[in-house]
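Let me begin by presenting the structure, written as C-alpha coordinates, before commenting on it.
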There are 2 protein chains.
Amino acid sequence: MEKSVETRAQIVAAADRLFYERGFEHTSFTAIADAVQISRGNFYYYFKTKDDILAAVIESRLAATRRMLQQWEAEAPEPMGRIRRFIHVVLDNGPDIRNFGCPVGTLTAELAKLDHPCRPAATALFTMFRTWLGCQFAALGREAEANALALHVLAFSQGIATLSNALGDENFVRREVERLEAWLDAGASSRSPHQ
Amino acid sequence: MEKSVETRAQIVAAADRLFYERGFEHTSFTAIADAVQISRGNFYYYFKTKDDILAAVIESRLAATRRMLQQWEAEAPEPMGRIRRFIHVVLDNGPDIRNFGCPVGTLTAELAKLDHPCRPAATALFTMFRTWLGCQFAALGREAEANALALHVLAFSQGIATLSNALGDENFVRREVERLEAWLDAGASSRSPHQ
DNA sequence: GTCTATAGACCGATAGAC
DNA sequence: GTCTATCGGTCTATAGAC
(Lines give C-alpha, C1' and ligand atoms only; values in the text may rest on other atoms or scores of the structure.)
Protein backbone atom coordinates (compact mmCIF):
# COMPACT_ATOMS: atom_id res chain seq x y z
CA MET A 1 0.00 0.00 0.00
CA GLU A 2 2.83 2.34 0.86
CA LYS A 3 4.55 1.42 -2.36
CA SER A 4 1.45 2.06 -4.42
CA VAL A 5 1.14 5.59 -3.09
CA GLU A 6 4.73 6.29 -3.97
CA THR A 7 4.43 4.87 -7.48
CA ARG A 8 1.30 6.86 -8.10
CA ALA A 9 3.07 10.00 -7.02
CA GLN A 10 5.95 9.20 -9.33
CA ILE A 11 3.57 8.75 -12.24
CA VAL A 12 1.90 12.06 -11.53
CA ALA A 13 5.25 13.82 -11.20
CA ALA A 14 6.51 12.38 -14.49
CA ALA A 15 3.28 13.19 -16.30
CA ASP A 16 3.31 16.68 -14.85
CA ARG A 17 6.75 17.36 -16.25
CA LEU A 18 6.04 15.75 -19.62
CA PHE A 19 2.75 17.57 -20.05
CA TYR A 20 4.62 20.77 -19.38
CA GLU A 21 7.54 20.11 -21.70
CA ARG A 22 5.74 18.43 -24.60
CA GLY A 23 2.12 19.31 -24.08
CA PHE A 24 -0.70 17.05 -22.95
CA GLU A 25 -1.69 15.61 -26.28
CA HIS A 26 1.83 15.04 -27.48
CA THR A 27 2.62 12.98 -24.38
CA SER A 28 1.84 9.29 -24.78
CA PHE A 29 1.14 6.67 -22.15
CA THR A 30 4.32 4.95 -23.16
CA ALA A 31 6.37 8.08 -22.58
CA ILE A 32 5.05 8.43 -19.05
CA ALA A 33 5.48 4.73 -18.30
CA ASP A 34 9.04 4.88 -19.62
CA ALA A 35 9.85 7.89 -17.48
CA VAL A 36 8.68 6.09 -14.34
CA GLN A 37 10.24 2.83 -15.53
CA ILE A 38 7.11 0.74 -15.11
CA SER A 39 5.25 -1.39 -17.61
CA ARG A 40 2.17 -0.10 -19.34
CA GLY A 41 0.19 -2.91 -17.77
CA ASN A 42 1.18 -1.82 -14.29
CA PHE A 43 0.35 1.67 -15.36
CA TYR A 44 -3.32 0.87 -15.77
CA TYR A 45 -3.45 -0.27 -12.19
CA TYR A 46 -3.15 3.38 -11.20
CA PHE A 47 -4.88 5.27 -13.99
CA LYS A 48 -7.52 3.98 -16.36
CA THR A 49 -7.55 6.79 -18.88
CA LYS A 50 -5.31 9.62 -19.95
CA ASP A 51 -7.86 12.09 -18.69
CA ASP A 52 -7.54 10.55 -15.25
CA ILE A 53 -3.84 11.30 -15.25
CA LEU A 54 -4.46 14.84 -16.37
CA ALA A 55 -6.98 15.35 -13.58
CA ALA A 56 -4.46 14.02 -11.08
CA VAL A 57 -1.73 16.25 -12.49
CA ILE A 58 -3.90 19.34 -12.22
CA GLU A 59 -4.90 18.43 -8.67
CA SER A 60 -1.23 17.99 -7.83
CA ARG A 61 -0.43 21.39 -9.34
CA LEU A 62 -3.23 22.99 -7.36
CA ALA A 63 -1.84 21.52 -4.15
CA ALA A 64 1.71 22.55 -5.04
CA THR A 65 0.56 26.07 -5.82
CA ARG A 66 -1.27 26.28 -2.50
CA ARG A 67 1.89 25.26 -0.70
CA MET A 68 3.97 27.75 -2.66
CA LEU A 69 1.62 30.61 -1.84
CA GLN A 70 1.70 29.70 1.84
CA GLN A 71 5.45 29.71 1.73
CA TRP A 72 5.49 33.12 0.11
CA GLU A 73 3.22 34.38 2.83
CA ALA A 74 5.55 33.01 5.46
CA GLU A 75 8.64 34.45 3.84
CA ALA A 76 7.18 37.85 3.05
CA PRO A 77 4.93 39.24 5.76
CA GLU A 78 4.00 42.35 3.80
CA PRO A 79 1.62 42.31 0.80
CA MET A 80 4.05 44.25 -1.36
CA GLY A 81 6.80 41.73 -0.81
CA ARG A 82 4.40 38.91 -1.59
CA ILE A 83 3.25 40.41 -4.84
CA ARG A 84 6.85 41.01 -5.75
CA ARG A 85 7.49 37.34 -5.09
CA PHE A 86 4.86 36.46 -7.62
CA ILE A 87 6.23 38.86 -10.18
CA HIS A 88 9.70 37.35 -9.82
CA VAL A 89 8.57 33.84 -10.62
CA VAL A 90 9.08 34.57 -14.28
CA LEU A 91 12.73 35.29 -13.49
CA ASP A 92 13.23 32.47 -11.00
CA ASN A 93 11.96 29.93 -13.52
CA GLY A 94 13.63 31.72 -16.40
CA PRO A 95 15.02 28.75 -18.36
CA ASP A 96 11.88 26.64 -18.06
CA ILE A 97 9.66 29.49 -19.15
CA ARG A 98 11.92 30.31 -22.04
CA ASN A 99 11.79 26.69 -23.17
CA PHE A 100 8.22 25.71 -22.41
CA GLY A 101 6.28 28.83 -21.48
CA CYS A 102 4.14 29.22 -18.38
CA PRO A 103 2.81 25.84 -17.19
CA VAL A 104 -0.56 27.33 -16.34
CA GLY A 105 -1.01 29.45 -19.42
CA THR A 106 0.07 26.84 -21.93
CA LEU A 107 -2.03 24.09 -20.34
CA THR A 108 -5.22 26.14 -20.25
CA ALA A 109 -4.64 27.21 -23.84
CA GLU A 110 -4.17 23.62 -24.98
CA LEU A 111 -7.20 22.35 -23.09
CA ALA A 112 -9.30 25.15 -24.53
CA LYS A 113 -8.45 24.03 -28.05
CA LEU A 114 -9.12 20.42 -27.19
CA ASP A 115 -12.39 21.38 -25.52
CA HIS A 116 -11.23 19.12 -22.74
CA PRO A 117 -13.40 18.32 -19.69
CA CYS A 118 -10.48 19.21 -17.42
CA ARG A 119 -10.42 22.77 -18.69
CA PRO A 120 -12.26 24.24 -15.68
CA ALA A 121 -9.85 22.49 -13.34
CA ALA A 122 -6.90 24.05 -15.15
CA THR A 123 -8.57 27.44 -15.02
CA ALA A 124 -8.80 27.03 -11.25
CA LEU A 125 -5.01 27.35 -11.22
CA PHE A 126 -5.40 30.85 -12.60
CA THR A 127 -8.17 31.64 -10.15
CA MET A 128 -6.01 30.56 -7.26
CA PHE A 129 -3.34 33.08 -8.20
CA ARG A 130 -5.93 35.74 -8.88
CA THR A 131 -7.60 35.26 -5.52
CA TRP A 132 -4.30 35.29 -3.70
CA LEU A 133 -3.07 38.41 -5.49
CA GLY A 134 -6.46 40.01 -4.90
CA CYS A 135 -6.08 39.41 -1.17
CA GLN A 136 -2.70 41.10 -1.18
CA PHE A 137 -4.04 44.16 -2.96
CA ALA A 138 -6.99 44.28 -0.58
CA ALA A 139 -4.54 44.20 2.31
CA LEU A 140 -2.93 47.24 0.73
CA GLY A 141 -6.24 49.05 1.10
CA ARG A 142 -7.31 48.62 -2.52
CA GLU A 143 -10.33 46.47 -1.82
CA ALA A 144 -12.49 48.00 -4.55
CA GLU A 145 -10.01 47.32 -7.34
CA ALA A 146 -8.28 44.31 -5.81
CA ASN A 147 -9.58 41.86 -8.38
CA ALA A 148 -8.81 44.09 -11.34
CA LEU A 149 -5.29 44.74 -10.08
CA ALA A 150 -4.73 41.04 -9.50
CA LEU A 151 -5.82 40.27 -13.04
CA HIS A 152 -3.53 42.95 -14.37
CA VAL A 153 -0.51 41.45 -12.65
CA LEU A 154 -1.55 38.01 -13.84
CA ALA A 155 -2.02 39.12 -17.42
CA PHE A 156 1.24 41.04 -17.46
CA SER A 157 3.11 37.97 -16.24
CA GLN A 158 1.45 35.81 -18.86
CA GLY A 159 2.50 38.21 -21.57
CA ILE A 160 6.08 38.17 -20.38
CA ALA A 161 6.08 34.37 -20.29
CA THR A 162 4.62 34.05 -23.78
CA LEU A 163 7.14 36.38 -25.35
CA SER A 164 10.00 34.94 -23.34
CA ASN A 165 9.10 31.55 -24.78
CA ALA A 166 8.72 32.91 -28.30
CA LEU A 167 11.78 35.12 -28.46
CA GLY A 168 14.06 33.77 -25.75
CA ASP A 169 15.18 37.27 -24.85
CA GLU A 170 16.24 37.34 -21.21
CA ASN A 171 16.82 41.08 -21.19
CA PHE A 172 13.27 41.64 -22.27
CA VAL A 173 12.03 39.63 -19.29
CA ARG A 174 14.13 41.63 -16.85
CA ARG A 175 13.00 44.89 -18.39
CA GLU A 176 9.33 44.04 -18.18
CA VAL A 177 9.63 42.72 -14.64
CA GLU A 178 11.17 46.04 -13.66
CA ARG A 179 8.38 47.86 -15.41
CA LEU A 180 5.75 45.88 -13.57
CA GLU A 181 7.53 46.47 -10.27
CA ALA A 182 7.68 50.19 -10.96
CA TRP A 183 3.97 50.15 -11.65
CA LEU A 184 3.44 48.31 -8.40
CA ASP A 185 5.54 50.75 -6.39
CA ALA A 186 3.80 53.74 -7.92
CA GLY A 187 0.42 52.20 -7.22
CA ALA A 188 1.05 51.39 -3.58
CA SER A 189 1.89 54.96 -2.64
CA SER A 190 -0.80 56.81 -4.57
CA ARG A 191 -4.50 56.18 -4.67
CA SER A 192 -5.01 55.43 -8.30
CA PRO A 193 -1.78 55.69 -10.21
CA HIS A 194 -2.86 53.91 -13.34
CA GLN A 195 -6.51 54.77 -13.21
CA MET B 1 -3.98 24.94 -63.37
CA GLU B 2 -6.34 27.65 -62.26
CA LYS B 3 -8.39 25.15 -60.38
CA SER B 4 -5.40 23.74 -58.61
CA VAL B 5 -4.38 27.12 -57.25
CA GLU B 6 -7.84 27.66 -55.89
CA THR B 7 -8.01 24.25 -54.25
CA ARG B 8 -4.63 24.76 -52.70
CA ALA B 9 -5.75 28.05 -51.26
CA GLN B 10 -8.88 26.42 -49.86
CA ILE B 11 -6.78 23.75 -48.19
CA VAL B 12 -4.52 26.34 -46.63
CA ALA B 13 -7.50 28.38 -45.45
CA ALA B 14 -9.17 25.36 -43.90
CA ALA B 15 -5.97 24.18 -42.26
CA ASP B 16 -5.32 27.68 -40.98
CA ARG B 17 -8.66 27.80 -39.25
CA LEU B 18 -8.45 24.25 -37.89
CA PHE B 19 -4.92 24.74 -36.59
CA TYR B 20 -6.18 27.81 -34.80
CA GLU B 21 -9.31 26.25 -33.32
CA ARG B 22 -8.00 22.80 -32.45
CA GLY B 23 -4.24 23.16 -32.50
CA PHE B 24 -1.78 21.85 -35.06
CA GLU B 25 -1.23 18.40 -33.64
CA HIS B 26 -4.87 17.77 -32.88
CA THR B 27 -5.81 18.49 -36.50
CA SER B 28 -5.67 15.42 -38.73
CA PHE B 29 -5.32 15.15 -42.49
CA THR B 30 -8.81 13.75 -42.61
CA ALA B 31 -10.24 16.75 -40.79
CA ILE B 32 -8.70 19.16 -43.26
CA ALA B 33 -9.74 17.07 -46.27
CA ASP B 34 -13.29 16.88 -44.93
CA ALA B 35 -13.42 20.62 -44.41
CA VAL B 36 -12.42 21.26 -48.03
CA GLN B 37 -14.59 18.36 -49.20
CA ILE B 38 -11.87 16.57 -51.09
CA SER B 39 -10.57 13.07 -50.70
CA ARG B 40 -7.45 12.32 -48.74
CA GLY B 41 -5.85 11.01 -51.89
CA ASN B 42 -6.39 14.26 -53.69
CA PHE B 43 -5.06 16.04 -50.67
CA TYR B 44 -1.63 14.52 -51.09
CA TYR B 45 -1.47 15.88 -54.57
CA TYR B 46 -1.05 19.32 -53.01
CA PHE B 47 0.84 18.61 -49.81
CA LYS B 48 3.08 15.64 -49.14
CA THR B 49 3.52 16.06 -45.42
CA LYS B 50 1.73 17.73 -42.56
CA ASP B 51 4.70 19.99 -42.02
CA ASP B 52 4.32 21.22 -45.58
CA ILE B 53 0.80 22.36 -44.78
CA LEU B 54 1.95 24.06 -41.62
CA ALA B 55 4.67 25.88 -43.52
CA ALA B 56 2.11 27.02 -46.09
CA VAL B 57 -0.28 28.14 -43.36
CA ILE B 58 2.41 30.19 -41.63
CA GLU B 59 3.44 31.73 -44.92
CA SER B 60 -0.18 32.60 -45.57
CA ARG B 61 -0.47 34.17 -42.14
CA LEU B 62 2.66 36.19 -42.71
CA ALA B 63 1.25 37.52 -45.97
CA ALA B 64 -2.12 38.26 -44.37
CA THR B 65 -0.43 40.10 -41.52
CA ARG B 66 1.62 42.14 -43.95
CA ARG B 67 -1.56 43.16 -45.74
CA MET B 68 -3.29 44.00 -42.48
CA LEU B 69 -0.44 46.22 -41.33
CA GLN B 70 -0.45 48.04 -44.64
CA GLN B 71 -4.16 48.62 -44.32
CA TRP B 72 -3.71 50.00 -40.83
CA GLU B 73 -1.08 52.36 -42.13
CA ALA B 74 -3.44 53.53 -44.84
CA GLU B 75 -6.36 54.00 -42.47
CA ALA B 76 -4.39 55.67 -39.70
CA PRO B 77 -1.77 58.12 -40.94
CA GLU B 78 -0.46 58.91 -37.44
CA PRO B 79 1.70 56.46 -35.43
CA MET B 80 -0.51 56.81 -32.35
CA GLY B 81 -3.61 55.80 -34.27
CA ARG B 82 -1.76 52.87 -35.77
CA ILE B 83 -0.58 51.57 -32.42
CA ARG B 84 -4.09 51.96 -31.11
CA ARG B 85 -5.28 49.87 -34.02
CA PHE B 86 -3.01 47.11 -32.92
CA ILE B 87 -4.14 47.35 -29.32
CA HIS B 88 -7.77 47.09 -30.38
CA VAL B 89 -7.30 43.83 -32.22
CA VAL B 90 -7.91 41.98 -29.00
CA LEU B 91 -11.32 43.64 -28.85
CA ASP B 92 -12.13 43.35 -32.55
CA ASN B 93 -11.46 39.61 -32.48
CA GLY B 94 -13.00 39.25 -29.04
CA PRO B 95 -14.99 36.03 -29.51
CA ASP B 96 -12.24 34.16 -31.35
CA ILE B 97 -9.63 35.12 -28.79
CA ARG B 98 -11.92 34.14 -25.95
CA ASN B 99 -12.47 30.74 -27.55
CA PHE B 100 -9.07 29.95 -29.01
CA GLY B 101 -6.57 32.52 -27.73
CA CYS B 102 -4.22 34.51 -29.91
CA PRO B 103 -3.39 32.66 -33.15
CA VAL B 104 0.23 33.74 -32.99
CA GLY B 105 0.83 33.13 -29.30
CA THR B 106 -0.84 29.73 -29.15
CA LEU B 107 0.87 28.48 -32.30
CA THR B 108 4.35 29.49 -31.21
CA ALA B 109 3.74 27.94 -27.79
CA GLU B 110 2.60 24.66 -29.34
CA LEU B 111 5.49 24.51 -31.78
CA ALA B 112 7.94 25.23 -28.97
CA LYS B 113 6.68 22.19 -27.07
CA LEU B 114 6.78 20.04 -30.19
CA ASP B 115 10.25 21.34 -30.98
CA HIS B 116 8.93 21.75 -34.50
CA PRO B 117 11.11 22.87 -37.42
CA CYS B 118 8.54 25.52 -38.31
CA ARG B 119 9.00 27.24 -34.97
CA PRO B 120 11.24 30.02 -36.32
CA ALA B 121 8.73 30.74 -39.07
CA ALA B 122 5.99 31.12 -36.49
CA THR B 123 8.20 33.39 -34.43
CA ALA B 124 8.59 35.58 -37.48
CA LEU B 125 4.92 36.46 -37.04
CA PHE B 126 5.81 38.00 -33.71
CA THR B 127 8.82 39.75 -35.15
CA MET B 128 6.70 41.28 -37.88
CA PHE B 129 4.44 42.92 -35.31
CA ARG B 130 7.39 43.94 -33.19
CA THR B 131 9.16 45.58 -36.10
CA TRP B 132 6.04 47.38 -37.20
CA LEU B 133 5.25 48.63 -33.71
CA GLY B 134 8.88 49.62 -33.29
CA CYS B 135 8.66 51.75 -36.43
CA GLN B 136 5.62 53.53 -35.05
CA PHE B 137 7.33 54.32 -31.77
CA ALA B 138 10.39 55.50 -33.64
CA ALA B 139 8.16 57.80 -35.65
CA LEU B 140 6.99 59.22 -32.34
CA GLY B 141 10.56 60.20 -31.60
CA ARG B 142 11.31 57.31 -29.29
CA GLU B 143 13.98 55.72 -31.45
CA ALA B 144 16.18 54.62 -28.57
CA GLU B 145 13.45 52.65 -26.80
CA ALA B 146 11.34 51.80 -29.83
CA ASN B 147 12.05 48.10 -29.70
CA ALA B 148 11.47 47.84 -25.94
CA LEU B 149 8.20 49.75 -26.21
CA ALA B 150 7.08 47.55 -29.08
CA LEU B 151 7.79 44.43 -27.07
CA HIS B 152 5.90 45.85 -24.13
CA VAL B 153 2.78 46.43 -26.21
CA LEU B 154 3.15 42.98 -27.73
CA ALA B 155 3.56 41.29 -24.35
CA PHE B 156 0.68 43.19 -22.82
CA SER B 157 -1.60 42.11 -25.66
CA GLN B 158 -0.49 38.51 -25.29
CA GLY B 159 -1.30 38.61 -21.61
CA ILE B 160 -4.75 39.97 -22.29
CA ALA B 161 -5.38 37.30 -24.91
CA THR B 162 -4.22 34.47 -22.65
CA LEU B 163 -6.42 35.51 -19.75
CA SER B 164 -9.33 36.30 -22.02
CA ASN B 165 -9.12 32.74 -23.29
CA ALA B 166 -8.74 31.29 -19.81
CA LEU B 167 -11.39 33.29 -17.99
CA GLY B 168 -13.70 34.52 -20.75
CA ASP B 169 -14.14 37.86 -19.00
CA GLU B 170 -14.92 40.51 -21.58
CA ASN B 171 -14.88 43.32 -19.04
CA PHE B 172 -11.36 42.41 -18.10
CA VAL B 173 -10.29 42.75 -21.72
CA ARG B 174 -11.86 46.19 -22.04
CA ARG B 175 -10.30 47.31 -18.79
CA GLU B 176 -6.82 46.22 -19.76
CA VAL B 177 -7.11 47.69 -23.22
CA GLU B 178 -8.01 51.01 -21.62
CA ARG B 179 -5.07 50.67 -19.28
CA LEU B 180 -2.70 50.06 -22.15
CA GLU B 181 -4.14 53.00 -24.06
CA ALA B 182 -3.71 55.23 -21.03
CA TRP B 183 -0.10 54.12 -20.80
CA LEU B 184 0.32 54.90 -24.48
CA ASP B 185 -1.21 58.36 -24.17
CA ALA B 186 0.91 59.18 -21.14
CA GLY B 187 4.02 57.99 -22.90
CA ALA B 188 3.54 59.98 -26.08
CA SER B 189 3.34 63.33 -24.31
CA SER B 190 6.19 62.95 -21.84
CA ARG B 191 9.73 61.85 -22.46
CA SER B 192 9.84 58.74 -20.34
CA PRO B 193 6.57 58.22 -18.53
CA HIS B 194 7.24 54.72 -17.31
CA GLN B 195 10.89 54.99 -16.43
C1' DG C 1 -1.43 10.55 -75.58
C1' DT C 2 -0.09 13.38 -72.22
C1' DC C 3 -0.99 16.17 -68.22
C1' DT C 4 -3.73 17.64 -64.33
C1' DA C 5 -6.65 16.61 -60.85
C1' DT C 6 -9.05 13.25 -58.29
C1' DA C 7 -10.16 9.16 -55.78
C1' DG C 8 -9.45 5.47 -52.74
C1' DA C 9 -7.09 1.16 -51.42
C1' DC C 10 -3.38 0.26 -48.67
C1' DC C 11 0.79 0.43 -45.39
C1' DG C 12 3.36 0.34 -40.93
C1' DA C 13 3.40 2.53 -36.63
C1' DT C 14 1.40 3.89 -32.62
C1' DA C 15 -2.23 5.76 -30.01
C1' DG C 16 -5.44 4.87 -26.01
C1' DA C 17 -7.99 1.31 -23.81
C1' DC C 18 -8.79 -3.05 -21.44
C1' DG D 1 -0.25 -8.62 -23.88
C1' DT D 2 -3.86 -7.74 -27.01
C1' DC D 3 -7.28 -5.18 -29.36
C1' DT D 4 -9.02 -1.69 -32.35
C1' DA D 5 -8.97 2.86 -34.28
C1' DT D 6 -6.57 6.17 -36.36
C1' DC D 7 -2.56 8.47 -37.45
C1' DG D 8 0.66 10.23 -41.24
C1' DG D 9 2.12 8.68 -45.50
C1' DT D 10 2.51 5.86 -50.17
C1' DC D 11 0.78 3.90 -54.18
C1' DT D 12 -1.93 3.02 -58.25
C1' DA D 13 -5.95 3.76 -61.13
C1' DT D 14 -8.65 6.83 -63.72
C1' DA D 15 -11.41 10.61 -65.58
C1' DG D 16 -11.40 14.41 -68.51
C1' DA D 17 -9.18 18.59 -70.89
C1' DC D 18 -6.14 19.72 -74.31
Side-chain angles (χ1 to χ4, degrees), chain A residues 4 7-8 10-60 107 110-119 121-122, chain B residues 1-60 107 110-119 121-122:
Chain A
S4 90
T7 305
R8 207 195 116 102
Q10 283 176 342
I11 292 174
V12 172
D16 189 343
R17 190 66 199 173
L18 285 169
F19 288 171
Y20 177 39
E21 294 185 3
R22 310 186 189 174
F24 168 68
E25 201 169 35
H26 191 56
T27 302
S28 67
F29 271 86
T30 315
I32 304 173
D34 286 355
V36 193
Q37 306 228 32
I38 61 173
S39 69
R40 266 179 26 271
N42 190 6
F43 194 95
Y44 276 94
Y45 173 74
Y46 297 96
F47 296 100
K48 295 107 198 87
T49 75
K50 204 180 172 185
D51 292 358
D52 287 345
I53 312 173
L54 178 58
V57 165
I58 293 176
E59 206 166 329
S60 156
L107 181 65
E110 182 179 2
L111 297 188
K113 285 189 200 275
L114 301 184
D115 203 14
H116 197 282
C118 282
R119 195 188 166 190
Chain B
M1 193 197 285
E2 210 178 61
K3 171 74 178 167
S4 90
V5 171
E6 191 190 332
T7 306
R8 208 195 116 103
Q10 284 176 342
I11 292 175
V12 172
D16 189 343
R17 190 67 199 172
L18 285 169
F19 289 170
Y20 177 39
E21 294 185 2
R22 310 186 189 175
F24 168 68
E25 202 170 34
H26 191 57
T27 303
S28 67
F29 272 82
T30 315
I32 304 172
D34 285 355
V36 192
Q37 305 227 38
I38 61 171
S39 70
R40 263 170 42 78
N42 188 11
F43 191 96
Y44 278 94
Y45 174 75
Y46 297 95
F47 296 99
K48 292 104 199 87
T49 75
K50 205 180 172 185
D51 293 357
D52 285 345
I53 313 171
L54 178 59
V57 165
I58 294 176
E59 208 167 327
S60 158
L107 181 65
E110 183 179 2
L111 297 188
K113 286 190 201 273
L114 300 185
D115 203 13
H116 196 282
C118 282
R119 196 187 166 191

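None of these values were measured; they are calculated from a predicted model.
Here the OG1-CG distance, from T49(B) to D52(B), works out to 3.5 Å after rounding to the nearest 0.5 Å. Atom CZ of F47(A) sits about 5.5 Å away from atom CD1 of I11(A), to the nearest 0.5 Å. Interatomic distance, H116(A) NE2 to I58(A) CD1, rounded to the nearest 0.5 Å: 7.5 Å. Between the OG atom of S60(A) and the CD1 atom of I53(A) there is a distance of 13.0 Å, given to the nearest 0.5 Å.
Taking atom OH of Y44(B) as the reference point, atom P of dC10(C) lies 17 Å away to the nearest angstrom. At whole-Å resolution of the value, OH in Y45(B) and P in dC3(C) are 12 Å apart. The CG atom of D34(B) sits 12 Å away from the P atom of dG8(D) (whole-angstrom rounding). Distance CD (E6(B)) to P (dT4(C)): 18 Å, rounded to an integer number of Å. A straight line from CD1 of I32(B) to P of dG9(D) spans 11 Å, rounded to a whole angstrom. The CD1 atom of I38(A) sits 15 Å away from the P atom of dG1(D) (whole-angstrom rounding). When the C1' atom of dG8(D) is taken as reference, atom CG of L114(B) falls 15 Å away, rounded to whole Å.
Across residues 12-24 of chain B, not one residue has a non-hydrogen atom less than 4.0 Å from an atom of DNA chain D. Residues from residues 52-60 of chain A lying near DNA chain D, meaning a heavy-atom separation below 4.0 Å, are absent.
Residue contacts for Y46(B): at a heavy-atom cut-off of 4.0 Å it reaches the sugar-phosphate backbone alone, with no base atom in range.
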task = Test side-chain contact (heavy atoms from CB on, under 4.5 Å) on L111(A) and L54(A) and set out the steps.
result = CA-CA 10 Å; L111(A) 297 188; L54(A) 178 58; 3.8 Å; yes
Could you list the donor-acceptor pairs under 3.5 angstrom formed by side chains in residues 18-30 of chain B, with sequence neighbours left out?
from, atom 1, to, atom 2, distance (Å)
Y20(B), OH, D96(B), O, 3.2
Y20(B), OH, G101(B), O, 2.6
E21(B), OE2, R17(B), NE, 2.6
E21(B), OE2, R17(B), NH2, 3.2
E25(B), OE2, H26(A), ND1, 2.4
H26(B), ND1, E25(A), OE2, 2.4
T27(B), OG1, L18(B), O, 3.3
T27(B), OG1, G23(B), O, 2.7
S28(B), OG, A31(B), N, 3.2

Would you give me the side-chain donor-acceptor pairs under 3.5 Å for residues 33-43 of chain B, sequence neighbours excluded?
from, atom 1, to, atom 2, distance (Å)
S39(B), OG, N42(B), N, 3.1

Look for any protein N or O under 3.5 Å of an N or O in nucleotides 12-15 of chain C and output each such pair with its distance, or none.
none

task = Summarise how protein sits on nucleotides 13-18 of chain D as a single string, 5' to 3': B when a protein heavy atom is under 4.0 Å from the base, S for sugar-phosphate-only contact, - for no contact.
result = ------
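The shortest non-hydrogen separation linking Y44(A) to K48(A) is CE2-O, 3.1 Å.
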